[in-house]
Each structure stands twice: as C-alpha cells, then as structure tokens.
Protein chains: 2
Amino acid sequence: MKKKNITIYDIAKVANVSPTTVSRVLTGNPLVKESTRKRVLEKMEELEFTPNEAARSLTKKQTNMIGFILPDITNPFFSQTYIGVERKAFEQGYTILLRNSMNSREMESAHLREFVERRVECIVFMGGRINKSEPTEEEIVEMKEVMKRVPLIMVNGQMEGVDCHTIRTDEEEGMRSIIHHLVSLGHKDISLIGGEEGVSTADIKAKAFQEELENNNLEFHNEWQIYSGFGIDDGRVAMKRLLTNKKLPTAIVGINDMVIYGALKECREHKVSIDHFSFVGYDDIFPSDIVHPSLTTVNHNYEVLTSEIIEVIKKIIEKKDTEKEILIDTKLIIRESSFENNQGK
Amino acid sequence: MKKKNITIYDIAKVANVSPTTVSRVLTGNPLVKESTRKRVLEKMEELEFTPNEAARSLTKKQTNMIGFILPDITNPFFSQTYIGVERKAFEQGYTILLRNSMNSREMESAHLREFVERRVECIVFMGGRINKSEPTEEEIVEMKEVMKRVPLIMVNGQMEGVDCHTIRTDEEEGMRSIIHHLVSLGHKDISLIGGEEGVSTADIKAKAFQEELENNNLEFHNEWQIYSGFGIDDGRVAMKRLLTNKKLPTAIVGINDMVIYGALKECREHKVSIDHFSFVGYDDIFPSDIVHPSLTTVNHNYEVLTSEIIEVIKKIIEKKDTEKEILIDTKLIIRESSFENNQGK
DNA sequence: TTGTATGCGTTATCAC
DNA sequence: GTGATAACGCATACAA
C-alpha cells in the first residue's frame with residue numbers, strides 16, 4: 001500500500017530516456033523514434049504506469065470536464081436529456097460532472113462553486129433558478145460571477161440580465177400543437193392542470209394555452225386552469241379539484257406527463273371513468289408510451305436537443321462562434337389518451 | 001478573456017503576506033492572526049480568486065472523487081440508486097463521477113481507465129460484467145489491474161477471483177417472498193418471464209424461483225419460464241410466447257418491473273384480459289406505483305442500499321475496517337396487480 | 001530525434 | 001504567527 005506513485009521520471013529512468021520523451025509518447029507526439037516509443041510503452045506497462053490527470057490539467061490549463069446541473073436525475077425528462085449529452089460528450093473526449101440540485105438554491109450554489117474550482121470548461125444548467133420568472137438578486141449576481149470564469153449554457157430557461165448561451169425546445173409551439181390537435185378532435189372544453197405560477201415552463205405553456213384557445217374562439221375557464229405543481233401527487237390534487245366543478249371539460253392538458261399520471265390515478269381511485277376525458281401530457285418521458293392508456297404528449301426531440309447542447313459546448317471550448325439562442329422544434333406524439341370528443345352538442 | 005489566472009501569489013502580493021499564509025487561510029489553518037486572515041479574505045474577494053482544485057489534488061494526493069459506473073441512468077433502478085449515493089456523498093464532501101456503460105465492455109474499460117487517471121478514491125460498479133456468470137478472462141484481469149490502484153465496490157454483482165467489497169440486495173430472498181405471497185393467494189401455476197441465462201440477477205432469481213416452487217410442492221413448467229431479456233419489449237416477447245401455451249399460469253412473475261410493463265402492454269394490444277393473471281415485478285422502480293394496475297413488486301430498500309454504499313466508501317477512504325460483503329433485506333410491496341386466484345379447481 | 005530547464009497552483013516541511 | 005523552499009507529476013519552450 002505504500003507503493004510509491006510511479007511517474008514519467010521512473011519510466012524515463014528504466015527506459016533510458018528523458019522524462020520529456022516519455023511525455024511525448026504520452027501525448028502521441030510523432031517525433032519519437034518508433035523503437036524508443038515501443039520501449040517506453042513497454043516500461044509503462046511493466047511498471048503499471050498511469051498518467052496523473054490532475055498534473056496534466058494543471059500544466060495544460062484544461063480539464064476536459066463539463067459541469068451539468070439539473071434538478072433531479074430520477075425524473076426521466078432530465079435523465080433522457082443527460083444521457084444523450086453524456087454519450088456524445090464521451091465521443092468527443094469530454095467528461096461530464098453531473099450534479100442534482102433538487103431545485104435548491106444552496107445546492108446550486110455549492111455545485112457552481114465546485115465546478116469553478118475544478119475548472120470545468122463549461123457549465124450546462126437546467127431547472128431551478130433559471131426557470132423562475134423572478135429569480136432573486138443573489139441568484140442573478142451569482143450566475144454573473146460564475147460566468148466571468150466559465151461559459152454557461154442554459155437549457156430551457158433563461159435569466160434576465162444574464163447574457164449566456166441558451167438552448168430551448170419550443171414549449172410555446174408545443175402547447176399550441178396540443179390545442180390544435182384537441183380542437184381537430186372536436187374538443188371545445190379544455191382544461192390545463194399542474195405547474196406553478198412564476199416558473200417559466202408553466203408560464204410559457206399557460207400563456208400559449210390561453211392564446212390558442214382564443215385563436216380558436218374557445219372559452220377559457222379560469223376554474224379549469226389549476227396550478228398545483230409538477231409531480232404526480234400534484235396531478236392528483238389538480239384532478240381532484242377539477243372534478244369539483246359543475247361543468248367539466250372534455251379534454252385535460254397537463255403541464256407535463258407526470259401530472260397526467262397523477263390525474264389518471266386520481267380518477268381510478270375515485271371510480272371516475274377516464275373515458276370521459278382526453279388527456280394530453282408534455283415531455284414524452286419514459287413511461288408515457290407504456291402506461292395505459294398510452295399518453296398523447298409532446299416530445300422534446302431529445303436527440304436534436306442533446307446534439308445541439310454538445311455542438312454549443314464544442315464551439316465554446318474551441319472558441320468558435322455560435323448562435324447565442326437556439327430554439328428546437330418539438331413534436332406532438334399522438335397515442336391512445338386523446339380521442340374524438342363524443343360528448344359533442 | 002486573456003485575464004491571467006489569479007493565484008495565491010497574486011493574493012499574497014496585494015495582501016502583503018507570503019503565499020504560505022494565503023494557503024493557510026484557504027485550508028482553514030487556525031494559526032493565522034485574525035486581522036491578516038480577514039485582509040487575505042478581502043483580497044481574495046476583490047480579485048475574484050478561486051482555488052485551483054487540480055493543483056490542490058496534485059499536492060494533497062487526494063481528489064475527493066468517486067467513480068460510479070452503471071449501465072443506464074435512464075433506468076429508474078439505477079437512477080434511484082445513484083441519486084441516493086450522490087446526495088449522501090455530497091454531504092460528506094465527496095464528488096461523484098457518473099458514467100453510463102450501456103453494458104458495453106469497451107465503455108466500461110474506457111471509464112475505468114479514466115477513473116484511474118483521474119485518481120478517484122474509490123469506484124462503485126453496477127451491472128455489465130459483474131453480473132455475468134462467466135465474464136471473460138480479460139474482463140477479470142482488467143478488474144484486478146484496476147483494483148491494484150483503486151478500491152472497488154460491486155453493487156449487486158460479483159466476480160470470481162476478484163476480491164473486492166460487495167454490497168447486494170437479497171434477490172434470492174426477494175424472489176422467495178414473491179412465491180410465498182402468490183401461494184398464499186392460492187396460486188399454483190406460476191410463470192417466470194424475462195431475464196437472460198448467464199446474468200446473475202436472472203440466474204439467482206430463476207434458481208430461487210424453482211427451489212421455492214419445489215418447497216411448496218408446485219410443479220415447475222419449463223415452458224412457463226421464458227428468458228427474453230430485461231427490457232419492456234423483452235417482456236412483450238415473453239408474454240407473447242407464454243400465451244401460445246395450451247395451459248396457462250394464473251400468476252406471472254417478471255425478472256423485473258420492466259418486463260411486466262411489457263407483458264401488460266402485450267396483453268392489452270391483443271385483447272387478452274389482464275384480469276386472468278396476477279402479475280408481480282421486481283425492483284419497485286418509479287412508475288410501478290402509478291401504472292394501472294399498480295404493480296406488486298420487490299423493493300430494494302434503496303435508502304438502506306445507498307447508505308451502505310456511502311458507509312463503505314467512507315471506511316475505505318478513511319482506511320477503516322469494513323465487512324467485505326454486505327447483504328441487504330428487500331421488501332415485498334403488495335399492490336393491485338396480484339390478487340386471489342379465482343380459477344381454483 | 002532527444003534532452004534541459006521551467007512553469008502550472010497548491011500544500012507541506014521546515015525554519016525564523 | 002509568518003515566510004522561504006521544496007515537492008506534486010506532467011507539458012512545453014528552447015537547445016542540442
């Protein structure tokens with residue numbers, strides 16, 4: 001256990017070359033005679049040498065690490081995004097540092113600080129403060145401080161006054177396509193459940209929802225839009241409250257898939273037939289195609305999204321020009337949960 | 001952008017102290033006069049100094065990083081395990097490097113290599129080669145090589161001849177509890193679907209399954225045990241094949257929750273009433289309590305599992321003694337999908 | 001094609 | 001309490 005760490009100096013000694021030459025074979029410098037390269041490699045094998053990345057980072061002033069902050073990796077929306085980025089980063093030789101913030105400001109700060117200290121080349125940020133319509137002054141200031149030292153990419157979020165790279169999927173258009181779909185199925189009474197005022201992903205969708213109802217000359221019922229949160233239980237709560245209305249909608253749109261899972265569960269537990277409602281979610285997360293009924297929802301185009309993220313990362317690191325704002329088309333996925341309105345007048 | 005990296009030397013200069021003193025306030029050394037400490041801290045603030053973790057790691061010969069390899073973070077079984085470990089590691093001041101292997105030997109190797117180069121303090125390994133009943137010689141050798149340089153913890157797996165720390169949930173007992181549960185509901189005809197021969201998690205369960213049938217004087221029908229894989233589609237395939245039998249079981253156990261999702265889907269698409277079968281899964285992953293019917297399954301006791309992982313990590317790093325093998329109790333979660341057998345003779 | 005000297009930004013070991 | 005000085009392990013500029 002007291003085994004001395006072996007370094008390029010040790011290799012140099014046993015291979016009868018200078019440390020520089022060892023370093024050269026390490027970095028793949030072609031100006032090394034084949035025979036000596038071979039000898040060095042052999043010795044490295046023999047002594048079980050492994051280069052020390054910390055030392056390398058120190059001299060090269062680059063770490064090949066990318067920081068990735070998201071609220072909760074157990075949420076399929078984030079894990080589906082993360083894994084695409086990780087795979088593509090791996091192919092490019094980058095290493096990702098993943099951190100879950102649980103939407104906590106303190107954890108976000110801690111992770112940001114660590115990323116700066118570890119000198120990540122770039123930070124990808126999802127959720128939390130960048131989705132608040134009114135982040136605190138400290139949150140903004142902190143982001144600006146971080147940005148002075150490392151480039152920042154916000155995914156599906158933004159912050160007033162923080163001028164960084166932005167990649168987002170078109171949630172507004174996504175919501176419009178939902179309404180369009182429901183209208184084409186003959187629905188006139190449409191509800192929106194879940195979300196939270198002041199969180200951008202909810203605000204954007206709610207605004208588009210209302211506007212698109214209007215465009216279709218449909219009435220917006222205030223009591224049919226129920227903010228409750230983003231989780232499964234929040235969906236149950238919303239559904240419960242929705243069901244207290246005298247008049248009920250024929251279609252229910254969720255701020256995301258999760259709340260619809262909750263709504264369906266609530267219906268079942270209270271013997272409310274789910275056949276009375278068309279349900280539409282948002283995100284197209286993992287279980288949405290296997291739940292019953294399978295869920296009509298909006299897919300974020302994860303493949304394109306993650307590709308764009310990597311592209312921007314690459315360009316930032318290679319100091320090439322990039323668009324500051326990227327908008328990605330979403331696509332409506334039609335499944336069993338939405339069907340023709342047969343309660344028509 | 002050409003801003004020079006500012007170091008403790010810069011701070012030292014403007015604060016009229018030596019770099020050593022700056023380092024002292026950085027490490028929280030108490031032997032610094034309060035007034036100078038304050039002055040130094042002020043200057044650090046002013047110049048926006050952030051310590052360089054690479055340099056620190058280099059001299060301290062410790063990185064506070066832990067490598068974590070798992071097959072696929074989008075699989076809730078893994079993300080539920082991972083997030084618990086990440087949170088607890090964070091509380092202890094450790095940083096986790098997550099890598100998805102997709103069960104590919106090449107990716108596992110690449111990740112292992114990177115972990116060694118980055119000098120992680122410990123590696124947690126799940127899935128892939130450590131679940132094969134017959135790993136290749138290279139896979140074994142590689143693991144041993146890695147173990148010479150960094151401690152290894154295998155979670156729910158092991159490798160012949162690789163003497164490392166092992167933490168696993170009691171899959172054998174978990175399967176026995178399933179059979180026990182089904183028998184108590186009056187089931188005599190029980191099927192096992194999914195999994196793959198040669199993968200430990202399947203082998204262990206299949207063995208316990210057969211033994212426990214025998215213990216209960218139930219007949220094991222070879223044609224009712226169907227290996228097909230671990231995914232949703234594999235569950236569909238298995239169910240399809242199961243349905244071709246003349247005589248059908250009354251209860252169907254899945255090698256995991258995923259295959260049951262698939263089996264349910266297959267039934268629905270082919271108008272086979274799911275009320276004919278009790279279904280039991282394994283893992284208790286995220287959607288199992290919200291799918292319909294909610295799934296009876298075995299929970300791995302994630303809280304305990306992740307706590308044990310962290311405990312072992314801590315003890316390894318602090319060079320304290322630990323049990324080499326830890327076995328964790330699982331718990332049967334009974335939900336809607338399993339019910340009394342009413343086709344009784 | 002190879003070697004020497006130096007720097008990267010900390011911490012640790014002494015000495016004062 | 002504080003400060004020189006030497007590691008830590010590699011890469012790079014410059015020589016040879």
Side-chain angles (χ1 to χ4, degrees), chain A residues 2-41 43-44 47-65 113-114 116-121 149, chain B residues 2-41 43-44 47-65 113-114 116-121 149:
Chain A
K2 293 233 170 166
K3 199 167 54 179
K4 172 176 168 301
N5 292 310
I6 78 121
T7 75
I8 57 170
Y9 285 87
D10 302 310
I11 304 297
K13 210 164 293 174
V14 297
N16 286 316
V17 292
S18 75
T20 311
T21 301
V22 178
S23 172
R24 284 196 182 100
V25 343
L26 231 43
T27 53
N29 188 318
L31 308 177
V32 182
K33 205 201 293 177
E34 196 46 37
S35 61
T36 75
R37 174 192 308 284
K38 232 179 123 185
R39 184 154 36 95
V40 169
L41 285 172
K43 294 303 177 185
M44 298 213 279
L47 302 197
E48 294 177 341
F49 166 80
T50 325
N52 182 318
E53 189 59 35
R56 190 175 277 174
S57 296
L58 194 56
T59 57
K60 300 220 312 182
K61 291 166 171 297
Q62 72 176 52
T63 58
N64 289 326
M65 293 198 291
R113 194 171 331 114
E114 191 205 335
V116 173
E117 295 190 356
R118 291 205 186 271
R119 303 289 193 266
V120 299
E121 320 256 359
R149 318 189 100 281
Chain B
K2 293 234 171 167
K3 199 168 51 179
K4 173 178 168 297
N5 293 311
I6 79 119
T7 74
I8 55 172
Y9 283 87
D10 302 311
I11 304 298
K13 209 164 294 173
V14 297
N16 285 318
V17 292
S18 75
T20 311
T21 300
V22 179
S23 172
R24 284 199 181 97
V25 343
L26 231 41
T27 54
N29 188 320
L31 307 178
V32 183
K33 203 200 298 177
E34 197 45 39
S35 62
T36 74
R37 175 193 307 285
K38 231 179 127 186
R39 184 154 37 95
V40 169
L41 285 172
K43 294 303 178 184
M44 297 212 280
L47 302 196
E48 296 178 341
F49 167 80
T50 324
N52 183 319
E53 188 60 33
R56 190 176 277 175
S57 298
L58 193 56
T59 57
K60 301 224 310 184
K61 290 165 172 296
Q62 73 176 52
T63 58
N64 289 327
M65 293 198 291
R113 195 173 329 116
E114 192 204 335
V116 172
E117 296 190 355
R118 291 206 186 269
R119 302 290 192 264
V120 299
E121 320 256 357
R149 318 189 101 281

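First the proteins, then the strands, lettered A, B, ... as listed; each starts at 1.
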N/O donor-acceptor pairs under 3.5 Å from side chains in residues 9-22 of chain B, not counting sequence neighbours:
unit_1: B:D10; atom_1: OD1; unit_2: B:K4; atom_2: NZ; d: 3.1
unit_1: B:D10; atom_1: OD2; unit_2: B:K4; atom_2: NZ; d: 3.0
unit_1: B:D10; atom_1: OD2; unit_2: B:T7; atom_2: N; d: 2.7
unit_1: B:S18; atom_1: OG; unit_2: B:T20; atom_2: N; d: 3.3
unit_1: B:S18; atom_1: OG; unit_2: B:T21; atom_2: N; d: 3.3
unit_1: B:S18; atom_1: OG; unit_2: B:T21; atom_2: OG1; d: 3.4

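- Judged as a salt bridge (Lys or Arg N to Asp or Glu O under 4.0 Å), the pairs with a partner in residues 53-65 of chain B (not counting sequence neighbours) are, in order, B:E53-B:R56.
- Taking atom CG of A:L58 as the reference point, atom P of C:dG9 lies 7 Å away to the nearest angstrom.
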Report summary line: Readout for nucleotides 11-16 of chain C: B = base within 4.0 Å of protein heavy atom, S = sugar-phosphate only, - = neither; 5' to 3' it is BB----

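- Contacts of B:S23 classified as side-chain hydrogen bond (donor to acceptor under 3.5 Å, both in side chains), with partners at least two apart in sequence or in another chain: none.
- Closest approach of B:E48 to A:R149, counting heavy atoms only: O-NH2, 3.2 Å.
- Bounding nucleotides for the chain A contact on DNA chain D, 5' to 3', at a heavy-atom distance below 4.0 Å, are D:dG9 to D:dA13.
- In this structure, B:N5 does not reach the C:dC8 phosphate: none of its side-chain N or O atoms is under 4.0 Å from OP1 or OP2.
- With sequence neighbours excluded, the residues that form a salt bridge (Lys or Arg N to Asp or Glu O under 4.0 Å) with B:R118 are B:E114.
- Rounding to the nearest 0.5 Å places CD1 of A:I6 at 4.5 Å from CG of A:L47.
- Atoms CZ and OG1, from A:R119 and B:T50 in turn, are 5.5 Å apart once rounded to the nearest 0.5 Å.
- The salt bridge (Lys or Arg N to Asp or Glu O under 4.0 Å) search around B:R24 returns none, not counting sequence neighbours.
- Pairs engaging residues 25-36 of chain B under the salt bridge (Lys or Arg N to Asp or Glu O under 4.0 Å) rule: B:E34-B:R37 [sequence neighbours left out].
- Taken over five-pair windows at either terminus, the axes of the helix from C:dT1-D:dA16 to C:dC16-D:dG1 are inclined to one another by 30° (rounded to 10 degrees).
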Query raised in the report: Does the pair A:M44 and A:L41 meet the rule for a side-chain contact (heavy atoms from CB on, under 4.5 Å), with working shown?
Result: CA-CA 5 Å; A:M44 298 213 279; A:L41 285 172; 3.4 Å; yes

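- Shown here are the side-chain hydrogen bond (donor to acceptor under 3.5 Å, both in side chains) partners of A:R39, two or more places apart in sequence or in another chain: there are none.
- When the side-chain hydrogen bond (donor to acceptor under 3.5 Å, both in side chains) test is applied to A:T63, no partner is found at least two apart in sequence or on another chain.
- Remark: A:L31, A:V32, A:K33, A:T36 in residues 30-39 of chain A come within less than 4.0 Å of DNA chain C through at least one heavy atom.
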